[in-house]
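Worksheet for the structure shown next.
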Amino acid sequence: MVDIWQNAMDHAVTIARRAGEVVREALHEDRKVMTKSSSVDLVTQTDQKVEQLIIQSVKEKFPTHRFIGEESVAAGEVCELTDSPTWIIDPIDGTTNFVHTFPFVAVSIGFSVNKQSEFGVVYSCLEDKMFTARRGRGAFCNDQPLSVSDQEDIKQSVIATEFGSSRDPEAVNNIFTSLRNIVSLPIHGVRGAGSAAINLCLVASGCVEAYYEIGIHVWDIAAGSLIVTEAGGILLDVEGGPVDLMSRRILAANNTTIADRLIREIQSFSPPRDDEEVTQ
Ligand SMILES: O=P(O)(O)OC[C@@]1(O)O[C@H](CO)[C@@H](O)[C@@H]1O
Ligand SMILES: [Mg+2]
Ligand SMILES: [Mg+2]
């Protein structure tokens with residue numbers, strides 16, 4: 001059967017690899033670091049350059065497609081997911097890592113049609129790992145199939161999460177309460193790559209049982225979330241119920257046993273939605 005989005009997916013892989021080269025080249029150059037929503041929400045000229053590189057090359061090939069790009073939204077574009085084919089781009093997921101040369105930095109490209117994810121590409125460019133998933137056709141890393149962990153016991157698990165880039169005292173308090181609850185279960189360990197996209201790929205690869213975070217954005221998770229489900233994992237809201245990619249909350253797990261156990265321990269809160277302005 002003809003796959004009408006295969007061309008687009010092939011292009012996403014090609015452009016993610018090219019973007020990764022730009023990121024690698026820029027890694028040891030002088031970086032001008034700027035800030036966005038808070039003093040710890042970093043952006044560099046490389047983030048902006050890579051996003052433009054991806055958008056321009058997609059526009060040339062697919063002129064009718066739409067975009068949600070992290071740096072375009074930061075520059076004032078609306079963050080609106082319609083039924084049109086839409087590329088959801090995080091040019092550098094892990095900018096803090098990039099700035100500090102901590103070696104987990106990803107280019108993340110999700111693609112959605114009728115608000116359904118069709119493919120996801122996460123290129124962990126310092127590890128040279130290309131994670132891909134096409135809806136209904138599995139998830140892969142450098143063309144090797146991925147599958148989630150089969151662990152059902154939370155006490156035998158490693159869980160990924162992040163502190164995020166909000167330093168609002170109430171948010172920080174909630175994050176630490178959740179972390180203390182989960183560490184005390186006890187679990188084997190907590191990890192965080194500093195990139196939501198890579199954390200999701202770690203769930204898909206079976207290296208951690210789950211990843212949860214409150215405060216992420218749609219561009220952090222659009223690609224990686226499909227990689228998790230195509231590797232056999234599940235996505236939920238942190239309170240249970242269906243995930244909403246615009247809600248800034250996600251729980252990705254290998255199975256419902258692990259997910260349900262974590263939901264009981266997570267102290268949830270609700271940052272402003274990514275699409276808040278357009279839904280009002
Ligand atoms: O800003 P960037 O580098 O694209 O996103 C990095 C990131 O810190 O943002 C999320 C929190 O908002 C994190 O989990 C994610 O890894
Ligand atoms: Mg990001
Ligand atoms: Mg980014």
Side-chain angles (χ1 to χ4, degrees), residues 16 19-20 22-23 26-27 31 33-55 67-75 77 79 87-110 120-126 131 159-168 171-172 174-175 178-179 190-203 208 210-225 227-228 238 243 245-252 266 269-274:
V22 174
V23 173
L27 191 69
R31 288 180 294 279
V33 181
M34 299 161 280
T35 60
K36 294 191 289 187
S37 65
S38 77
S39 64
V40 297
D41 183 7
L42 310 184
V43 63
T44 69
Q45 283 165 341
T46 308
D47 296 66
Q48 294 160 344
K49 178 176 161 185
V50 167
E51 181 158 319
Q52 280 317 308
L53 172 93
I54 296 170
I55 290 177
F67 300 91
I68 295 175
E70 176 178 15
E71 307 315 337
S72 308
V73 172
E77 283 193 18
C79 181
W87 296 66
I88 305 172
I89 300 161
D90 190 337
I92 299 183
D93 189 46
T95 300
T96 304
N97 289 352
F98 172 71
V99 166
H100 291 268
T101 67
F102 191 79
F104 300 99
V105 176
V107 177
S108 176
I109 304 177
V121 171
V122 172
Y123 181 44
S124 180
C125 51
L126 305 184
F131 294 91
I159 305 302
T161 191
E162 300 285 341
F163 296 107
S165 53
S166 167
R167 294 297 180 265
D168 167 63
V172 171
N174 287 327
I175 288 167
S178 305
L179 206 49
V190 174
R191 300 289 184 269
S195 154
I198 293 179
N199 287 332
L200 289 164
C201 292
L202 290 169
V203 176
V208 300
Y211 159 65
Y212 73 91
E213 188 170 350
I214 300 173
I216 37 82
H217 295 277
V218 62
W219 45 80
D220 295 312
I221 56 174
S225 56
I227 295 171
V228 168
V238 291
V243 72
L245 295 187
M246 290 286 178
S247 73
R248 310 205 38 211
R249 306 172 4 149
I250 192 167
L251 168 59
I266 295 172
F269 59 101
S270 299
R273 295 175 57 82
D274 277 332

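Indexing begins at 1, ligand by ligand and atom by atom, following the structure's order. Keep in mind the model is a prediction, meaning the values are calculated, not measured.
- The proximity of Asn97 to ligand 1, defined as any non-hydrogen pair under 4.0 Å, does not occur for either the backbone or the side chain.
- Distances between N or O atoms of Gly94 and those of ligand 1 include at least one value under 3.5 Å.
- Considering Leu42, Val23, Asn97, Val107 as possible partners of Ile92, the one that fulfils the side-chain contact (heavy atoms from CB on, under 4.5 Å) test is Val23.
- Within the set Glu71, Glu70, Glu213, the minimum heavy-atom distance to atom 14 (O) of ligand 1 is found for Glu213.
- Among Ser165, Gly194, Ser38, Ala106, the residue whose heavy atom sits closest to atom 8 (O) of ligand 1 is Gly194.
- In terms of protein heavy-atom proximity, atom 5 (O) of ligand 1 is nearest to Asp93 OD1, 2.9 Å.
- For the pair Lys49 and Glu71, the salt-bridge criterion is not met [side-chain N within less than 4.0 Å of a carboxylate O].
- Annotation: protein N, O or S atoms under 2.8 Å of the Mg ion (ligand 3) (waters excluded) comprise Glu70 OE1, Asp90 OD1, Ile92 O.
- Closest protein heavy atom to atom 12 (O) of ligand 1: Gly215 O, 3.2 Å.
- Contacts between Thr95 and ligand 1, counted as non-hydrogen atom pairs separated by less than 4.0 Å, involve both the backbone and the side chain.
- Polar contact with ligand 1: absent for Leu42 (N/O pair, distance under 3.5 Å).
- Atom 16 (O) of ligand 1 has as its closest protein heavy atom Ala196 N, 2.7 Å.
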